[in-house]
Amino acid sequence: MNYKELLLHPRSLPFISQARFGIEREGQRVNFSGELATTNHPEIFGDRTYHPYIQTDFSETQVELITPVTDSINELFNYLEAIYDVASRSMADDEMIWPLSMPPALPEKDEDIMIAKLSNFEDVLYRRYLAKEYGKRKQMVSGIHFNFEFGDDLLQALYTQQAEFTDFAAFKTELYFKTAQNFLRYRWLITYLFGASPLSEDHYFVDKPAPVEPVRSIRNSSYGYTNHPNVKVSYASLQQYLSDIERMVEEGKLSEEKEFYAPIRFRGGKRVADLAKSGIRYIELRNIDLNPYARVGISQEQVQFLQSFLLYMLWTEHDVAVDRWVDEGEQRNEHVSLENPVTQTAFYDEGIRLLQGMKEMLVALGQSERLTMIDEMIEQFDHPAETLAGKIYQQAQQTSQHAFAYALGKQYEEESHERSYQLAGFREMELSTQILMFDAIQKGIQVKVLDESDQFLRLQHQDHIEYVKNANMTSKDSYIVPLIMENKTVTKKVLKEAGFRVPEGAEFDSIEEALTAYPRFAEQAFVIKPKSTNYGLGITIFKEGASLEDYQAGLAIAFREDTSVLVEAFMPGTEYRFFVIDGQVKAILLRVPANVVGDGKRTVEELVAEKNLDPLRGSHHRAPLELIQLGELEQLMLKEQGLTIHSVPAKDQVVYLRENSNISTGGDSIDVTDEFSEAYKQIAQQAVEALGAKISGIDLIIPDKDIDPQTDEQAYGIIEANFNPAMHMHVYPFAGKGRRLTMNVLELLYPEVIKTRKEN
């Protein structure tokens, strides 16, 4: 079948770049001395036999990071970066992930290499068999398993143009077999470009033959983790392939099907034998060394190249008998694997021809944006020292491979912890959502981002699916609950009727209407706020009353946020945010309004600029604290204090830039959960219950928290309820104990997972 013609057909061209991707990334855990860790797989991940993202491979120290299947390379790396972050930050404080395929120095005694301590005893027995059959040391090598599937639209377009196959599954199987045959012949090119295991460390080759180092890839050579030489399988057809594997098992050359460690695997069923009925759904490349120059072990450019390379393997033809074709590839790969990494390869001409062929294909298929990448690969044939193996070897010569790897591993570990409140790959999402995703990934709950800009997630554990928006809007609250809390007038009425103290005031639908009520509020403390907004936007507080001019300015600010505003009596006291989840107060926060402290030298503007340098401050809810602004509201607040942004406050003078204390407007967060009596917590819990909510932030004004609210009805006032209360300010407060509210949300949604983890 001429796949080149099928790919060039106008029906195929729109779908050429369509594909699905998945990565399994192995890596050894080491301590901060660069030695193999002696600790068990972190318990915080729970049972690794079911965990969708973080497992172990052969050894207890060999962590395996697994992405979900994605429809784009960008999405693939978003998940890979996030899972790496979770793994790195969940390990012991003095541990990190080794960035090389070759392990660090191994123990002298085999018994000191820990086989993975799995709960399924059959899995443990299988690893014991591998240790006996191949030796533990070979098992300690790590790499990338790259799962690839041509896009379904592309496959359908190719299928409809041909007449040889009447069954779509059979057509796909033939297509993937053609791709695999050429891949096995030309995989040496991947070894040349991406081989990255030139040197071994101490005690890797013990009483075993060893290559003359340096080489391009120990892992991809016969000295790596391969089957014994007597294991031979034909790739002439799927039937012959399956028959040969079955025969190898019957003859005792393989213990079972999965022991066949080919550089490419066919996937489509739970067992290899299932391929006979299901056909091949995707392929798994297993010959990719860890790239130490990429934090996650592989770069986006590598994945782009692999996608183009596999497309070219389908595109290009061969007229050699399949088994001889594959054998030639095996011999070439062995030769290239063992070449000195800084010398020109013996297959230079074939390599250039392959890359030039890829360029011609990309131009013909309208993929010219990848030509620069191919040109860079061509350069590496003329300058082999620029390949991964070449660069690693040269840097190892300057100090040692161990020192080089240790420095990179430590750098990546520090990068994971640099902004530990954020989740790599998803840093543009709202911070509470990032934290919830971190916790879900850590605990083995699958996460799918349905809409990144709208913070919409789908969570899944086995068959249990939950949808979450903004990290705390869930199915546990009915549709009407957020509508009640969004409308401050309705919220006040519901709470007042339930017997709770709320501020008196009035609602206005226009500035003109509100201006007529000015005499009613002019001589008292009052608040102007939008009727239906969140995050403290558009709120102005006048503690000493206000001039008509300032009153009108406050109205204008509020009406910019909503079509209706509330003017309410100001309740004196301190404002506290009570966070209620499933009938319990899980956190209480004192929010100090945006402020600066004078030093007698710098202006308000300069002091704000300095305070905004705090790494905990950011914008758009991507950091625990928000940047302090100097907008209209802040300048109005300064005016009330007789100041401007150019004023120089006295030393130790506290200058408040906002009356409202929302963290969203630059305030400071202080956890005070343990300072409150149960009486106040009961008020918050009962108020949230009156609103019918499972998750809510509710704001209480309390003049003196030592007063008993059960005996003094003036002890508190409820000024607001929030259906979308930010959790990040509780998790990472400016001062006080952090409260992992995201875990409380997950426990509410998935008690079968979180409670089990607590018991473990």
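Values reported hereafter were calculated over all heavy atoms of this structure, with side chains retained and with hydrogens, waters and symmetry mates removed.
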*State, yes or no, whether a side-chain contact exists between Ile218 and Glu213 at a heavy-atom distance under 4.5 Å.*
yes

*Do other residues, nucleotides or ligands put more than 12 heavy atoms under 6.0 Å from the CD atom of Gln239?*
no

*At what distance, to the nearest 0.5 angstrom, does CG of Leu193 lie from CD of Glu386?*
12.5 Å

_If only side-chain N and O atoms count, and only distance matters, is there a donor-acceptor pair under 3.5 Å linking Tyr293 with Gln395?_
yes

*Would you tell me whether Gln161 and Ser12 have side-chain atoms, one donor and one acceptor, within less than 3.5 Å of each other?*
yes

*Do we see a donor-acceptor contact under 3.5 Å between the side chains of Gln302 and Asn291?*
yes

_Any side-chain donor near an acceptor of the partner, Gln367 and Ser17, under 3.5 Å_ = no

*Begin from the C-alpha positions of Leu7 and Leu311 and carry the test side-chain contact (heavy atoms from CB on, under 4.5 Å) through to its verdict.*
CA-CA 9 Å; Leu7 289 166; Leu311 192 62; 4.1 Å; yes

*Does a side-chain heavy-atom distance below 4.5 Å link Leu388 with Tyr393?*
no

*Asp327 and Gln331: side-chain donor and acceptor closer than 3.5 Å?*
no

*asked:* Could you tell me if Thr191 and Asn333 have a donor-acceptor pair between their side chains, going purely by distance under 3.5 Å?
replied: yes

*asked:* Under 3.5 Å, is there a donor on one side chain and an acceptor on the other for Glu133 and His228?
replied: yes

*CZ of Phe347 to CG of Leu354: how many Å apart, nearest 0.5 Å?*
12.0 Å

*Would Glu75 and Lys448 pass as an ion pair if we require N to O under 4.0 Å?*
yes

*Could you walk me through whether Thr179 and Tyr312 pass side-chain contact (heavy atoms from CB on, under 4.5 Å), step by step?*
CA-CA 8 Å; Thr179 303; Tyr312 187 64; over 6 Å; no

*Any donor and acceptor pair, going by atom type alone, linking the side chain of Lys253 with main-chain N or O of Ile245 inside 3.5 Å?*
no

*Has the side chain of Glu24 got a donor or acceptor atom that lies under 3.5 Å from a matching backbone atom of Phe146?*
no

*asked:* With a 4.0 Å cut-off on N to O distance, would you call Arg48 and Glu60 a salt bridge?
replied: yes

_Any donor-acceptor N/O pair, Lys138 side chain to Gly224 backbone, under 3.5 Å_ = yes

*Donor-acceptor pair, side chain of Ser88 and main chain of Tyr84, under 3.5 angstrom*: no

*Looking just at side-chain N and O atoms, do Thr70 and Ser72 make a donor-acceptor pair shorter than 3.5 Å?*
no

*Is Glu328 salt-bridged to Arg185, going by a charged N under 4.0 Å from an acidic O?*
yes

*Is the backbone N or O of Tyr348 less than 3.5 Å from a side-chain atom of Thr345, with the two atoms forming a donor-acceptor pair by type?*
no

*Approximate separation, where rounding is to 0.5 Å, of Phe177 CZ and Lys172 NZ*: 15.0 Å

_Any Leu175 side-chain heavy atom under 4.5 Å of Tyr159 side chain_ = no

_Do the side chains of Glu317 and Lys4 get close enough for a salt bridge, i.e. N-O under 4.0 angstrom?_
no

_Counting C-beta onward and ignoring hydrogens, is there a side-chain heavy-atom pair between Leu306 and Phe148 closer than 4.5 Å?_
no

*asked:* Pair Glu174, Phe165 - check side-chain contact (heavy atoms from CB on, under 4.5 Å), show working.
replied: CA-CA 9 Å; Glu174 176 67 18; Phe165 290 90; 3.6 Å; yes

_Euclidean distance, Leu365 CG relative to Ile16 CD1, rounded to 0.5 Å_ = 4.5 Å

_Pairwise side-chain contact, Phe150 with Phe15, heavy-atom cut-off 4.5 Å (strictly under)_ = no

*Is there a donor-acceptor pair closer than 3.5 Å between any side-chain N or O of Glu256 and the backbone N or O of Lys258?*
no

_Modelled atom types, side-chain donor and acceptor of Asn182 and Trp325, under 3.5 Å_ = yes

*asked:* Taking the basic N atoms (NZ, or NE/NH1/NH2) and the acidic carboxylate oxygens, is any pair closer than 4.0 Å for Lys359 and Asp375?
replied: yes

_Carboxylate-amine/guanidinium contact Glu350 Arg332, below 4.0 Å_ = yes

*Considering only heavy atoms from C-beta outward, does the side chain of Glu26 approach that of Phe58 to under 4.5 Å?*
no

_Candidate pair His461 and Tyr50, rule side-chain contact (heavy atoms from CB on, under 4.5 Å), full reasoning_ = CA-CA 10 Å; His461 175 67; Tyr50 91 93; 3.2 Å; yes

_Within the 4.5 Å heavy-atom criterion, are Arg219 and Tyr225 side-chain neighbours or not?_
no

_Spacing of Leu189 atom CG and Arg353 atom CZ [to the nearest 0.5 Å]_ = 10.5 Å

*Would you say His9 has more than 12 foreign heavy atoms packed within less than 6.0 Å of its NE2?*
yes

*asked:* Between Asp289 and Ser217, is there a side-chain donor-acceptor contact under 3.5 Å, judged purely by atom types and distance?
replied: yes

*Report yes or no: does Thr56 contribute a side-chain atom to a donor-acceptor pair with the main-chain N or O of Gln62 at less than 3.5 Å?*
no

_Met140 backbone acceptor or donor facing Gln28 side chain under 3.5 Å_ = yes

*Test: Glu251 and Arg247 ion pair at under 4.0 Å*: yes

*With the threshold set at 4.0 Å, does a side-chain nitrogen-carboxylate oxygen contact exist between Glu64 and Arg25?*
no

*Rounded to the nearest 0.5 Å, what separation is found between the CD1 atom of Ile23 and the CD1 atom of Ile298?*
4.5 Å

*Is there a donor-acceptor pair under 3.5 Å between the side chain of Glu334 and the backbone N or O of Ser222?*
yes

*Any chance you could lay out the ring pair (Phe, Tyr, Trp, His ring centres under 6.0 Å) test for Phe381 and Tyr192, step after step, and finish with the verdict?*
CA-CA 9 Å; Phe381 270 83; Tyr192 177 83; 4.3 Å; yes

*Measure from the ring center of Tyr282 to the ring center of Phe266 and say whether it is less than 6.0 Å.*
no

*Yes or no on side chain to side chain donor-acceptor pair (under 3.5 Å) for Arg370 and Ser308, after CA distance, side-chain angles and deciding distance?*
CA-CA 9 Å; Arg370 293 191 177 180; Ser308 298; 3.0 Å; yes

*So, the side chain of Ser101 versus the backbone of Ser142: is there a donor-acceptor pair under 3.5 Å, distance only?*
yes

*asked:* If we count only N and O atoms by modelled type, under 3.5 Å, do the side chains of Tyr129 and Glu259 hold a donor and an acceptor together?
replied: yes

Hey, can you pull the donor-acceptor pairs under 3.5 Å for the side chains in residues 109-117, sequence neighbours left out?
residue	atom	partner	partner atom	Å
Asp110	OD1	Arg137	NE	3.1
Asp110	OD1	Arg137	NH2	2.9
Lys117	NZ	Asn40	OD1	2.7

*Side chain proximity check, Phe21 to Gln307, heavy atoms < 4.5 angstrom*: yes

